Amino acid sequence: MIALVDCNNFYASCERLFNPSLDNKPVVVLSNNDGCVIARSNEAKAMGIKMGAPAFMMEELLTQNKVSVFSSNYTLYGDLSNRVMQTIRQFVPTIEIYSIDEAFLDLSEMKYCDLFQLAQAIRETIISCIGIPITIGIAPTKTLAKMANRFAKKERKNIGVYMAQTQWQVDQMLNYTSVGDIWGIGSQHQQRLLQNNIHTGADLLKANEEWIRKNMTVTGQRLLNELKGISCIEWENMPPPKKGICTARSFGQLLSEKADIREALANYANTCAAKLRAQKTCTTLVHVFIQTNTHRTQDNQYFRSVSIPMEVATSNTAEIIAAALKGLDIIYRKGYNFKKVGVMVLDLVPQDKVQMGIFDTVDRKRGTDLMQVFDKVNTRFGKGLVRYAAQGYNKKWKLRQQKLSPCYTTNINEVPVIKC
DNA sequence: TCTGGGGTCCTAGGACCC
DNA sequence: TCTGGGGTCCTAGGACCC
């Protein structure tokens with residue numbers, strides 16, 4: 001059996017944790033740049049605030065209902081996520097962290113215990129020790145565990161656990177779940193399924209397999225097997241190294257000047273290089289893109305990208321910034337209101353398998369040593385203490401984050417103080 | 001004024017090889 | 001009049017996830 005642990009309204013719950021006056025009140029968290037709603041407390045959901053809705057369109061609804069609004073604080077959410085995962089590991093050794101707020105638990109090793117009681121114990125421990133509410137679904141496959149979790153959230157609110165072990169329990173949830181709410185079925189497939197009179201998970205299970213294969217490819221067929229209780233989605237104990245890393249942000253304001261955009265890009269390139277080193281890989285292809293705001297119909301639109309090959313695979317910040325800026329020189333055009341710039345590093349190779357170049361004249365050892373010191377200093381004294389000149393200080397591009405909460409758990413100056 | 005960011009997997013079709 | 005067959009690799013685009 002597999003369990004899926006999911007933190008309820010995770011970002012909203014994190015904001016509440018250090019601000020108990022928000023309990024039972026509507027809370028929403030916005031995306032980067034305070035753009036869209038990406039997390040809602042139950043109260044906010046009940047008001048009809050939709051996931052992904054642009055914040056400026058929701059403004060009236062938010063003020064009318066006195067909704068507490070927060071900018072995303074990923075430092076806080078990341079730290080609380082780690083605590084939740086560590087706590088789960090104390091109960092079940094084999095877990096797969098699927099996202100910041102979800103983990104699959106391999107219960108096959110827990111043969112001699114009551115799985116339902118185990119789930120309840122995990123849930124109570126996390127709620128009392130960390131303060132983040134969670135829900136647990138248990139079933140024979142990952143897809144069914146996802147479904148059980150959703151079922152528990154809707155139909156077993158007070159218990160917070162649903163175990164689909166017997167066929168009857170599985171059927172109950174298959175009948176209950178609409179196809180669009182099944183993990184792996186997005187809006188496109190949902191539409192097509194509904195057109196063909198397939199409405200629930202139970203309907204899908206009865207559907208013609210050839211039709212599924214034709215219309216939803218092997219992914220659909222795999223999903224069907226998962227619903228039948230045959231595991232088709234592999235277990236990933238260690239997250240595989242990423243195949244590409246992308247850092248891109250919308251600017252806090254539209255930018256036209258190349259100098260401002262260069263500065264933003266240099267910072268994103270720096271982030272990419274740091275992530276490369278963190279996972280011990282090097283890149284051979286640096287891809288840069290730039291775009292205007294497609295929502296502004298009054299503006300001329302421009303979107304372009306370019307790839308810069310590296311002669312020798314690298315994770316050196318200076319080289320990656322240089323390549324990115326070279327790319328920008330090629331694609332930048334004067335006279336547009338730019339919204340976003342980004343850099344991707346692709347074709348990654350493990351750092352110990354880098355193919356040297358015959359005509360390479362760069363002192364690679366020196367560069368590697370420098371990067372080690374660079375990372376050490378920035379880890380110890382805070383991100384961005386040592387930086388390249390190209391990263392600048394003007395920060396015209398910086399994110400809008402007007403409603404940012406303190407980093408309660410990671411910054412000593414922002415730790416809550418209790419006076420008694 | 002204001003519309004996120006970072007990924008994965010799959011398929012079709014073209015280029016190329018012998 | 002007739003115009004092979006079998007394969008690999010790459011890329012773009014679609015669909016999905018949180």
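Values in this document were obtained by computation on a predicted structure and should not be read as measured data. In what follows, every chain begins at residue 1, and chains take the letters A, B, ... in the order their sequences are listed.
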Subject >> Interface limits on DNA chain C, where chain A has a heavy atom under 4.0 Å of a nucleotide atom >> reply: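 Boundary nucleotides touching chain A, in 5' to 3' order, are C:dA15 to C:dC18.
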
**OP:** Kindly state each residue pair satisfying side-chain hydrogen bond (donor to acceptor under 3.5 Å, both in side chains) with at least one member in residues 45-59 of chain A, sequence neighbours excluded.
**Re:**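 Qualifying pairs, neighbours excluded: A:N9-A:K45.
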
Do the side chains of [X] and [Y] get close enough for a salt bridge, i.e. N-O under 4.0 angstrom?
| X | Y | result |
| --- | --- | --- |
| A:E209 | A:R222 | no |
| A:K153 | A:D6 | yes |
| A:D34 | A:K403 | no |
| A:E96 | A:R89 | no |

Any residue in [range] with a heavy atom nearer than 4.0 angstrom to DNA chain B? Just list them by number, or reply none.
| range | result |
| --- | --- |
| residues 198-212 of chain A | none |
| residues 283-296 of chain A | A:N293, A:H295, A:R296 |
| residues 52-77 of chain A | A:P54, A:F56, A:M57 |
| residues 244-253 of chain A | A:G244, A:I245, A:C246, A:T247, A:A248, A:R249, A:S250 |
| residues 132-152 of chain A | none |

Would you check if [X] and [Y] make a side-chain contact, meaning some heavy-atom pair closer than 4.5 Å?
| X | Y | result |
| --- | --- | --- |
| A:Y408 | A:E414 | no |
| A:N225 | A:T141 | no |
| A:L22 | A:F70 | yes |

Subject >> ring-ring contact (aromatic ring centres under 6.0 Å, His included) between A:F104 and A:W183, intermediate numbers included >> reply: CA-CA 14 Å; A:F104 287 106; A:W183 189 41; 5.8 Å; yes

Within [range]: residues closer than 4.0 Å to DNA chain C (heavy atoms):
| range | result |
| --- | --- |
| residues 299-326 of chain A | none |
| residues 179-194 of chain A | A:I182, A:W183, A:G184, A:I185, A:G186, A:S187, A:Q188, A:H189 |
| residues 220-236 of chain A | none |

Subject >> Pairing residues for A:F251 by the ring-ring contact (aromatic ring centres under 6.0 Å, His included) criterion, not counting sequence neighbours >> reply: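 A:F251 satisfies ring-ring contact (aromatic ring centres under 6.0 Å, His included) with no other residue.
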
**OP:** Just call it for A:N32: base, sugar-phosphate, or nothing, with non-hydrogen atoms closer than 4.0 Å on any strand.
**Re:**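 Sugar-phosphate, backbone atoms only, no base.
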
**OP:** For A:D101, report the nucleic acid contact type (base, sugar-phosphate, nothing); a contact means any heavy atom under 4.0 Å.
**Re:**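 Answer is sugar-phosphate: A:D101 comes under 4.0 Å of backbone atoms only.
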
Original post:
Does the pair A:F338 and A:F303 meet the rule for a ring-ring contact (aromatic ring centres under 6.0 Å, His included), with working shown?
Top reply: CA-CA 9 Å; A:F338 288 107; A:F303 180 102; over 10 Å; no

**OP:** Report the C-alpha separation of A:L265 and A:R262 in whole Å, then their side-chain angles, then the decisive distance to 0.1 Å, and conclude whether the side-chain contact (heavy atoms from CB on, under 4.5 Å) test is met.
**Re:** CA-CA 5 Å; A:L265 185 61; A:R262 276 176 69 93; 5.8 Å; no

Original post:
Would the A:F116 and A:Y162 ring centres measure less than 6.0 Å apart?
Top reply: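 Ring centroids of A:F116 and A:Y162 are no less than 6.0 Å from each other.
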
Subject >> Nearest-angstrom distance, C1' atom, C:dG4 to B:dC16 >> reply: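 Taking atom C1' in both C:dG4 and B:dC16, they lie 16 Å apart.
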
Original post:
Do A:E102 and A:K142 pass the salt bridge (charged side-chain N to carboxylate O under 4.0 Å, His left out) test, and can you show the C-alpha distance, the side-chain angles, and the key distance before you say yes or no?
Top reply: CA-CA 12 Å; A:E102 278 172 77; A:K142 283 186 173 176; over 6 Å; no

Original post:
What would the secondary structure line of DNA chain C be in dot-bracket form, counting Watson-Crick and G-U wobble pairs under 3.5 Å, with [ ] for pairs that cross earlier ones and | for pairs with another strand?
Top reply: ....||||||||||||||

